[in-house]
Number of protein chains: 2
Amino acid sequence: MTVTGPKGFRAAGVAAGIKASGALDLALVVNDGPEQAAAGVFTRNVVKAAPVLWSQEVLRHKRLRAVVLNSGGANAATGPGGFQDTHATAEKVAELLEAGAIDVAVCSTGLIGERLPMPAVLSGVDAAVKALDTTSESALAAATAVMTTDTKPKQTLRSHDGGWSVGGFAKGAGMLAPNLATMLSVLTTDAVVDPDALDAALRAATRVTFDRLDVDGGTSTNDTVLVLASGASGVTPGLDEFTDVLTAACMDLVQQLRADSEGVTKEVDVVVRGAASEQDAINVGRTVAEDNLVKTALFGSDPNWGRVAMAVGRAQAEIDPGTLSISINGVTLFANGTTAADRSAADLSGRAIEIVIDLGVGASEATIFTTDLSHAYVEENSAYSS
Amino acid sequence: MTVTGPKGFRAAGVAAGIKASGALDLALVVNDGPEQAAAGVFTRNVVKAAPVLWSQEVLRHKRLRAVVLNSGGANAATGPGGFQDTHATAEKVAELLEAGAIDVAVCSTGLIGERLPMPAVLSGVDAAVKALDTTSESALAAATAVMTTDTKPKQTLRSHDGGWSVGGFAKGAGMLAPNLATMLSVLTTDAVVDPDALDAALRAATRVTFDRLDVDGGTSTNDTVLVLASGASGVTPGLDEFTDVLTAACMDLVQQLRADSEGVTKEVDVVVRGAASEQDAINVGRTVAEDNLVKTALFGSDPNWGRVAMAVGRAQAEIDPGTLSISINGVTLFANGTTAADRSAADLSGRAIEIVIDLGVGASEATIFTTDLSHAYVEENSAYSS
């Protein structure tokens, strides 16, 4: 069990006919309480999809009864008509659950710029409400129904000794460089957490997990992470404790997202240390993680630290070439402004690669999670519209 | 004739043995005067190659007798030893030309992090000085000797009715996203231009040419554009007139650089209009030009304007989704917040693609020159170190 691992939640995933393939494409997660606290973080992209605009609005009330999600279409850049479609979807869910539309968040993912087939969506909602269950099969169906170019569902469950847990799922394989939020993810907990604490915990957790994933620099129009708290365990954890478990659940999902991202052949940690500020460390890490010359070298298992040095040097951060050092997979290749070891000393033949960049100007650090840039990435993103 | 097109210049290109292949790898351009005004713009990368540090220093005197350039090694991230190598190269040129080392700029290009084979470099300087000539063959040899992954030399010559001209060459095929300067380029003119006017004209020209080329977001450690004025025509043009001709020469080289960049199958103009400021227009253009999901769609001849909208929405600029419009190859696909035409209406099958993004919030504009992201780019940048 995952999204339904914590007590108080039911889920469903159905084939509504939004995807031409007939695959699962509509998911529903319902919070049966007794509490219905909720928080969310959303894409910073200015071009926001209709479901993001809607869900941001309903989250002002800090509670959610349900989240309905669809793949097969992002409902982004679809104008007022697209917003009406999102509203109608929430209304339909609310009607069947005897709730208010204001208690229903909506998430969509898929091609930007196409309207959704609403008859399919609305009949899918009907079917999903009927299929709601607490089983792991229902949770898996929900996690599967949000997939686009993902090859497998991503689920997590972190249980605390105190008798409560955090569960959830996520989707996302391309357009992965969230900014304060990412792709689609729904997290659940049966801990008792008031809405403001839930919001604080979610922001703290995503800041070091979803926000540190950067596959291709693309911040989607639809990025959404929601967390719902049922309070069904009756246990009220401390905020730090809850944040730790929520962060672990988010990190688990992030690692699964990276491992299944488009065309990935290398899972790369870009660790930046010795930065003047955490923001500097993030800027350097993201610039390296997004650099196509670095990414293609990694695809070729080539420890080309010169390309890393180039990327570091163009980042927005306090950088002194004289104190900079670069290590790859444990071998320091560049230090004190010049070569420290022959590049052949670093072995990049495996799937896991760690690049450690020490800026040598401060005490702050950050790690960005990224991948290489492979032929398969180009193939997957040029062969058809997505 | 090109770099030797303007009167007062000689050039040479020789095989010094820096490249293992035995190809031409050392170029020399000499200004025989009567004047020796010079100006330069350099990479904004903090990790600057030794020849950049040297050339920036000598340019403080605003005059140059010669520029010596090598391919086969960037002499970047090579520490004090690398700087001494650059100095020794300039000294050698100066000695043979009976000038001061302070009158000799040095440019290098190739792999970052390797020391140059100095015996080969110094004997190459000997050979180059002996080969100096005003012929088009000499100019072509110089333009060829700076090539790395370039498949052809890039030369230009723009003559003015008033009896003076601007010539030059450039190299660069990858790591192309200059910031105030780019790759390596040497421009020459026989107009009479004082050093401060030359500097102003060069900054104005590069700002709308080299600075607007963005193939892969990579700002090299070695980017350098130099301009040398001999005054040999005896004609003193107006500053605006001279800037126009210099800009045309730079633009000619930029178009050649884009057309021959690594793995290019599409030459793409990203035109941003209606921006609140020119910087906003540049930011939006560069974000779209560097976006891998946009670039792979273009490789696939797919008018996926949704990816363009996503990239626009994550750019640092004043953006209103409601006033944004996106046209590709003359067809408006997105306007007023929603779809304006079916994407199939835009034909991207040709090599030239124009994306026009109207932000609808102001009167500023800028065009960024870019390419697609193809299998050949990945192949070229993963198969070997460069």
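Below, chains carry the letters A, B, ... as their sequence lines are ordered, and counting in each starts from 1. Everything numeric in this text was worked out from a predicted model, so none of it was measured.
Looking only at side-chain heavy atoms (C-beta outward), B:Ile112 and A:Arg307 stay at 4.5 Å or farther from each other. Within the 4.5 Å cutoff, side-chain heavy atoms of A:Tyr377 are placed close to those of B:Leu293. A heavy-atom distance below 4.5 Å is found between the side chains of A:Asn304 and B:Leu111. Between A:Met310 and B:Val47 the shortest side-chain heavy-atom distance does not fall below 4.5 Å. Between B:His375 and A:Glu379, some side-chain heavy-atom pair lies under the 4.5 Å cut-off. Residues B:Asn292 and A:Leu373 are in side-chain contact: their nearest non-hydrogen atoms beyond the backbone lie under 4.5 Å apart.
Using a 4.5 Å cut-off between heavy atoms, A:Ser374 touches chain B through its backbone atoms (N, CA, C, O) alone. Of the atoms belonging to B:Thr287, not a single heavy atom falls under 4.5 Å from chain A. For chain A, the nearby part of B:Leu324 is the side chain; its heavy atoms alone come within less than 4.5 Å.
Between B:Ile319 and A:Val46, the shortest heavy-atom contact is O-CG1, 3.4 Å.
Taking A:Phe369 as the reference, nothing meets the ring-ring contact (aromatic ring centres under 6.0 Å, His included) condition, with sequence neighbours excluded.
The greatest number of non-hydrogen atom pairs below 4.5 Å with chain B, out of A:Asn336, A:Thr296, A:Val294, is found for A:Thr296. Contacts with chain B were tallied for A:Gly82, A:Ala77, A:Gly300, A:Gly79; A:Ala77 has the most, counting heavy-atom pairs under 4.5 Å.
Note that OG1 of B:Thr339 and CZ of A:Arg115 are 9.0 Å apart. Values are rounded to the nearest 0.5 Å.
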